[in-house]
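Here the structure is laid out as structure tokens; the discussion comes afterwards.
In this text, all values refer to a predicted model and were calculated from it rather than measured experimentally.
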Amino acid sequence: MISNEKIFAVLRAPRVSEKTVRLQELSNQYVFEVSNDATKADVKAAVEQLFDVKVETVNVVNVKGKNKSFRNRAGRRGDWRKAYVRLADGQAIDVSAKA
């Protein structure tokens, strides 16, 4: 049992895009932005406790920030980390719910 502070420190936000919606429909996978030091075990425990579902697998990916320019000043977006979470059959998370 992990605390609410730890859950919300690990899971930052769900990622919703055309690609992630297709993953939800085809393979029951959900994508979350997670903290840079989160492990697969942390993500699994946080999702299971927060949404009351059974997680089968977790894949974690480090996403490199892009180089961008703004008003002729070079800058860089920050690196971030995302987790692909596959749920057991028959389980679902409503990631489009409004707070």
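Counting heavy atoms from C-beta outward, Ile93 and Val47 have side chains that approach closer than 4.5 Å. Inter-residue side-chain proximity for Val85 and Val31 is flagged as unmet; no heavy-atom pair is nearer than 4.5 Å. Using a 4.5 Å heavy-atom threshold, the side chains of Gln49 and Ile7 count as touching.
Arg81 and Asn62 form a side-chain donor-acceptor contact under 3.5 Å, judged by distance and modelled atom types alone.
Under a 3.5 Å cut-off, the side chain of Gln91 and the backbone N or O of Lys54 do form a donor-acceptor pair. Of the possible donor and acceptor atoms, none in the side chain of Glu33 sits under 3.5 Å from a partner among the backbone N and O of Ala13. Side chain of Asp79 to main chain of Lys64: no donor-acceptor pair is present (N/O by atom type, distance under 3.5 Å, no hydrogens or angles).
Annotation: cation-pi pair Arg15/Trp80 present, NZ/CZ under 6.0 Å from the ring centroid and within 45° of its normal.
Of all the heavy atoms in Ala88 and Asn28, the pair that sits closest is O-ND2, 3.1 Å. Heavy-atom minimum distance, Ser35 versus Ala9: CB-O, 3.3 Å. For Gln29 against Leu23, the heavy-atom pair with the smallest separation is OE1-CD2, 3.2 Å. Minimum interatomic distance between Val58 and Ala83 (heavy atoms only, all atoms of both residues): CG1-CB, 4.4 Å.
No more than 12 heavy atoms of other residues, nucleotides or ligands lie within 6.0 Å of CG in Asp89, so this atom counts as exposed by the packing criterion.
Between atom CZ of residue Arg76 and atom OG of residue Ser69 there is a gap of 14.0 Å, rounded to the nearest 0.5 Å. Here the straight-line distance linking atom CG of Leu50 with atom CZ of Phe8 works out to 5.0 Å at 0.5 Å rounding. In this structure, NZ on Lys19 lies 13.0 Å from CD on Gln24, to the nearest 0.5 angstrom. The OG atom of Ser27 sits 11.0 Å away from atom CZ of Arg22, with the distance rounded to the nearest 0.5 Å. One finds the OG1 atom of Thr20 at 10.5 Å from the OH atom of Tyr30 (value rounded to the nearest 0.5 Å). Summarising the geometry, atom NZ belonging to Lys82 is positioned 11.5 Å from atom CG belonging to Asn59; distances are rounded to the nearest 0.5 Å.
Placement of Phe51 and Tyr84 in two distinct hydrophobic clusters is found when ILVMFWY residues are connected by side-chain heavy-atom separations under 4.5 Å, directly or transitively. Hydrophobic clustering (side-chain heavy atoms under 4.5 Å, transitive across Ile, Leu, Val, Met, Phe, Trp, Tyr) groups Val21 together with Leu87. Follow the hydrophobic side-chain contacts under 4.5 Å out from Val43 and you reach Val16 in the same cluster.
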>> Asn67 vs Arg77, test: side chain to side chain contact (heavy atoms under 4.5 Å, CB included). Steps then yes/no.
In response: CA-CA 6 Å; Asn67 292 319; Arg77 290 190 178 166; over 6 Å; no

